[in-house]
Each structure stands twice: as structure tokens, then as C-alpha cells.
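Note sheet for the following structure.
In this text, all values refer to a predicted model and were calculated from it rather than measured experimentally. Both backbone and side-chain heavy atoms feed into the values below; hydrogens, waters and symmetry mates do not.
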2 protein chains.
Amino acid sequence: MTEVTRRVGRPAKAVLTRARIGSAALELVDATGDFTLPELARRLGVQTASLYHHVDGRAGIIEVLREQVSDAMDAIALEDGPWDLALARYFRSYRQVFATHPRVVPLLTTATVRSEKVIRAYDRMVARLGEAGIPAERAMRILTALDNFVIGSALDLAAPDVMWEVPDDVEAPALSAALAAQPTNRKRADEAFEEGLTRLLASVTAEYGASASVGEAAR
Amino acid sequence: MTEVTRRVGRPAKAVLTRARIGSAALELVDATGDFTLPELARRLGVQTASLYHHVDGRAGIIEVLREQVSDAMDAIALEDGPWDLALARYFRSYRQVFATHPRVVPLLTTATVRSEKVIRAYDRMVARLGEAGIPAERAMRILTALDNFVIGSALDLAAPDVMWEVPDDVEAPALSAALAAQPTNRKRADEAFEEGLTRLLASVTAEYGASASVGEAAR
DNA sequence: ACCTGAACACCGTTCAAGT
DNA sequence: ACCTGAACACCGTTCAAGT
């Protein structure tokens with residue numbers, strides 16, 4: 001028999017914090033692929049309504065999740081070395097964070113970027129592209145393209161085990177052979193990310209110049 | 001006063017079809033960004049439970065949405081001409097479909113591809129990359145990279161009006177200047193898509209050879 | 001300020017009953 | 001086979017009451 005002490009009213013010390021809610025939510029999403037407020041509250045040993053004292057409902061918890069992954073990104077990556085290697089480092093860390101928490105990606109796909117850390121990172125990237133002689137307008141286009149690619153690649157990490165399933169009555173010999181030759185799903189996703197990131201950055205480098213090959217430096 | 005005729009039991013002719021449900025769902029998502037079964041049923045003039053006779057609940061309706069957008073893609077694009085131009089045509093039509101229905105994109109981000117039409121398209125792309133001298137393993141990697149980029153670019157279409165919002169207390173001069181120089185959100189998204197697609201395909205072309213520049217042919 | 005318990009509107013799904 | 005009406009479990013959100 002466990003003795004349950006029922007408490008009513010404000011506790012001497014707050015039992016919840018934004019941070020505690022955030023890490024519990026992250027754990028829950030990592031484990032199940034989604035979260036509900038009642039389940040989250042249960043894991044934290046509180047009532048569902050208690051969460052509202054710290055975050056703005058379900059949308060607020062998604063915000064906390066976004067903050068957590070944003071903070072894990074390597075902003076220092078952008079400071080030193082040639083710009084192309086700096087961007088490569090940053091976007092690799094960007095994707096690496098999502099590789100650790102793939103199931104949160106679908107929850108974060110559409111929202112305005114407000115995180116100070118992420119804003120600063122993009123500012124730094126625009127600046128570094130400018131130093132490399134790329135005009136601001138073009139820099140924004142390149143950054144958005146890279147961003148789209150990385151987000152798509154992050155979503156790929158949350159993909160089901162079988163990404164393409166050829167039905168029995170459909171003939172797709174080339175695709176079937178290519179799929180059969182594939183390594184694990186994760187390896188495929190990793191390789192495709194490197195393939196695209198390297199090609200995109202190398203293409204820009206070829207046009208505007210930089211110190212070394214991105215692919216080379218990855219080894 | 002409208003006369004309402006209450007009908008019970010099976011009607012002489014089925015009032016619902018998969019197709020009717022699908023187009024009503026697409027309209028609803030286009031208009032509101034999401035859908036619920038009760039609201040969909042209301043628009044179709046039936047009870048919520050009636051939907052279950054034609055589709056497998058909410059997940060089934062998302063499946064129908066996926067079929068609808070998949071069917072709108074230009075599969076013939078892959079048949080003729082140099083492989084790089086063929087792929088460019090296909091991926092442009094791919095993204096064009098989502099540009100017409102941007103708000104459905106977030107609903108379709110993670111699921112196994114089973115659509116015969118899409119499977120055939122990917123088979124065709126692997127085959128054409130093979131003809132160009134690209135080994136199957138590498139072809140799959142390139143295709144996945146392109147796919148990730150296009151999905152990310154499609155999500156970009158569903159992005160809020162302000163993609164990056166620099167808080168008042170944060171200094172991001174380079175980013176702010178670049179954002180100020182931006183045209184409309186849609187134009188930014190369009191340009192970034194072309195930027196990335198062109199660079200990715202040109203990079204592969206440079207390595208394996210093809211007939212003409214992708215960027216050139218786009219004009 | 002912070003937690004509880006109860007209430008409310010709403011959603012997805014199931015099923016017996018009717019033609 | 002296909003539609004209805006009712007039922008059920010569950011979810012997100014609100015709010016008065018308690019310390």
C-alpha cells in the first residue's frame with residue numbers, strides 16, 4: 001500500500017518549471033511520436049490544468065520543444081574558418097540535433113523563427129556569405145534553399161522504415177533494384193543528406209570561391 | 001422555411017464516394033489549413049459516421065488527399081529529352097501541385113509512398129539516371145536528396161507570412177537588411193526553390209554530363 | 001503565484017437499427 | 001451496401017476554490 005498524500009492549493013515550492021515540462025515532453029515525443037497534455041501531466045505527477053500555469057497550452061509546449069532543439073545547435077560553428085566549411089558545420093549540427101530527436105520534427109515544421117540563437121545564426125550566415133562576395137538578395141535565396149533541404153532531410157529521419165513500397169501489381173525494376181541495394185534506412189538518410197549538402201555548397205563555392213572543398217573537409 | 005426531408009436507412013443511390021469526400025476535404029484544408037470529420041460531414045450533408053463507409057477514418061482521408069495531389073503530378077515529364085531536364089520538369093510539377101495546395105503539405109509529410117503513379121515516376125528517374133551512367137546506389141542517394149529538398153521547399157509554401165522575426169532586443173543587421181530586401185514571401189520561396197533545384201541538378205550534370213544547362217532551359 | 005478538481009465543448013470511432 | 005442516431009473514450013481549455 002502506497003500512502004498518497006493529497007495536496008490542495010499552492011505548494012511551498014513550485015513543482016513545475018518550463019524546463020521540467022520541456023524535457024518531459026521531449027522524452028514523451030521521443031518515445032511515442034506525439035504527446036497529449038493529460039499524458040504529459042501524468043508523467044509529471046500533476047493535473048493537466050497545472051501545465052497552464054507555466055506554458056500556453058499545447059502550442060506553448062511545442063514552443064518549448066522548439067527552444068530545446070534550437071539551443072542544442074552549434075552556433076559557434078559559424079565563427080571561424082572558411083565560410084563554406086562554417087555553413088557545412090552549422091547545418092550538420094542542425095540536422096544532428098534532429099537525428100537525436102527525429103519524432104519531434106513533424107511537430108515543428110511550420111512556425112515563425114523567433115529564437116534569438118537561431119536568428120543570430122542566420123544573421124551570421126548572411127554576413128559570412130556577404131564577406132564572400134555574395135549579394136544579400138542572393139545570399140537569402142541560397143540560405144533558404146539550404147534551409148529547405150535540411151528541413152526535408154530532417155523529416156526524412158522521421159520517415160517510416162519502408163520509404164517506398166512497390167505494390168505487387170506494379171513493375172518498377174530499376175527502383176526495386178536500387179532499393180534492394182540500399183543499406184539501412186538511417187544510413188540512406190545520412191548519405192543523402194551529405195550528398196545534397198556537399199553539392200549545394202560546392203556549387204556556390206564554384207561560383208564565388210572559397211578555400212577548400214566541403215566534401216574533403218568532412219573526412 | 002426550408003423543408004427538411006429526414007431519410008433513414010440506405011439511400012437508393014449512394015450519396016458519398018471516395019472522390020467526393022476527397023475533393024471536399026481538399027477544399028476544406030485549402031480554406032482552413034486542417035479538417036475535422038464533423039466539419040467535413042457537414043459540408044457533404046451527411047452524418048460523421050457515414051464517412052466510415054468509404055474511407056478508413058481520418059487517416060483514410062489523408063490517404064485520399066495524398067492520392068489527389070499525387071495524381072496531379074506530371075509523370076510524362078520524365079519520358080523525353082535529356083535526363084536532367086526531365087527531372088527538373090518533374091520536380092517543378094511536383095512542387096507546383098503543392099504550391100496550389102500549400103496547406104495540405106504539413107498533413108502529408110510522413111508516410112510510405114505506395115501510389116502507383118509516384119512509384120513509377122521514381123522508377124523512371126532511377127532508370128534515367130542509370131542511362132546517364134550513374135550507379136544505382138548513387139542514383140538513390142541523389143534522388144533522396146532531391147526529394148528532401150522538394151519536400152522542404154513545399155513546406156516553405158505553407159510557412160507563415162513572416163518566416164524570420166527578429167525580436168526588438170536582438171541585433172541581426174545582416175539578416176534584417178537581407179529580409180528588408182526580400183520580395184513577397186511567395187516569390188522568395190519560388191526563387192529559393194529554383195536556386196536549389198538548379199544547383200543540385202547542375203552539380204550532378206557537371207559530374208556525369210548531360211546535354212544542356214537546367215537553368216537555361218527554364219527560361 | 002501555483003495546484004486541484006470539476007466542468008465544457010469538441011473530436012474520432014464504434015455499432016445497432018433501418019432500408 | 002450505405003446512411004442514421006446515439007453512445008463512448010479522450011482531448012484541450014477554462015475557472016472557481018484552496019493555500
* Nearest-angstrom distance from the residue atom CZ of A:Arg20 to C1' of C:dC3 -> 13 Å
* **Distance in angstrom units between A:Ile61 CD1 and D:dC11 P, rounded** => 13 Å
Below 3.5 Å, can you tabulate the donor-acceptor pairs from side chains in residues 21-31 of chain B to any protein atom, sequence neighbours excluded?
residue, atom, partner, partner atom, Å
B:Ser23, OG, B:Arg20, O, 3.4
B:Asp30, OD1, B:His101, ND1, 3.1
B:Asp30, OD2, B:His101, ND1, 2.7

* N/O (side chain, B:Gln47) to phosphate O (OP1/OP2, D:dG5) under 4.0 Å -> yes
* To do: Find the runs of at least 3 consecutive base pairs, i with j, i+1 with j-1 and so on, that include DNA chain C, using Watson-Crick or G-U wobble geometry with both distances under 3.5 Å.
  => C:4-8 with D:12-16, C:12-16 with D:4-8
* Structure fact -> By nearest-heavy-atom nucleotide on DNA chain D, the more 5' of A:His53 and A:Thr36 is A:Thr36
* Asked: In whole angstroms, how far is the P atom of C:dC11 from the CG atom of B:Leu51?
  -> 13 Å
* Rounding to a whole Å, what distance do you find between A:Arg42:CZ and D:dC10:C1'? -> 15 Å
* In Å, rounded to the nearest 0.5 Å, how long is the span from CZ of B:Arg124 to CD1 of B:Ile119? -> 15.5 Å
* Asked: To the side chain of B:Leu16, which of D:dC3, C:dT14, C:dC2 is closest?
  -> D:dC3
* Asked: So, B:Asp74 and B:Tyr94: side-chain donor and acceptor under 3.5 Å apart, yes or no?
  -> no
* To do: Give the rounded distance in Å between these two atoms: CZ of B:Phe35 and C1' of C:dC10.
  => 15 Å
* In plain terms, say whether B:Arg120 and A:Asp169 are close enough for a salt bridge, that is, a side-chain N and a carboxylate O under 4.0 Å apart. => no
* Asked: Quick one: A:Leu37 CG to C:dC11 P, roughly how many Å, whole number?
  -> 17 Å
* Structure fact -> Only residue of A:Arg188, A:Gln182, A:Lys187 satisfying side chain to side chain donor-acceptor pair (under 3.5 Å) with A:Asn185 is A:Arg188
* To do: Give a yes/no answer on whether the side chain of A:His54 brings an N or O atom under 4.0 Å of OP1 or OP2 in C:dC3.
  => yes
* Structure fact -> Picking from D:dC3, D:dT13, C:dT14, the nucleotide nearest the side-chain atoms of B:Val15 would be D:dC3
* Looking across every strand, which nucleic acid part, if any, lies under 4.0 Å from B:Ala49 by heavy atom: base, sugar-phosphate, or nothing? -> base
* To do: Could you say whether B:Arg10 or B:Thr48 is positioned toward the 5' end of DNA chain C, judged by the nucleotide with the nearest heavy atom to each?
  => B:Thr48
* Within this structure, what is the OH-to-C1' distance between B:Tyr52 and D:dG5, rounded to whole angstrom? -> 15 Å
* Asked: Which word best sums up how the rings of B:Tyr122 and A:Trp164 line up, parallel for under 30°, tilted for 30 to 60°, or perpendicular for over 60°?
  -> tilted
* Asked: Say you draw a straight line from CG of A:Leu143 to CZ of A:Arg128; how long is it, rounded to the nearest 0.5 Å?
  -> 12.5 Å
* Listed nucleotide nearest any side-chain atom of A:Pro11, set C:dC2, C:dT19, D:dT14 -> C:dC2
* Looking at D:dA1, D:dG18, C:dG12, which one has an atom nearest to any side-chain atom of B:Arg58? -> C:dG12
* To do: Identify which nucleotide among D:dC3, C:dC3, C:dT13 has an atom closest to any side-chain atom of A:Ser50, counting heavy atoms from C-beta outward.
  => C:dC3
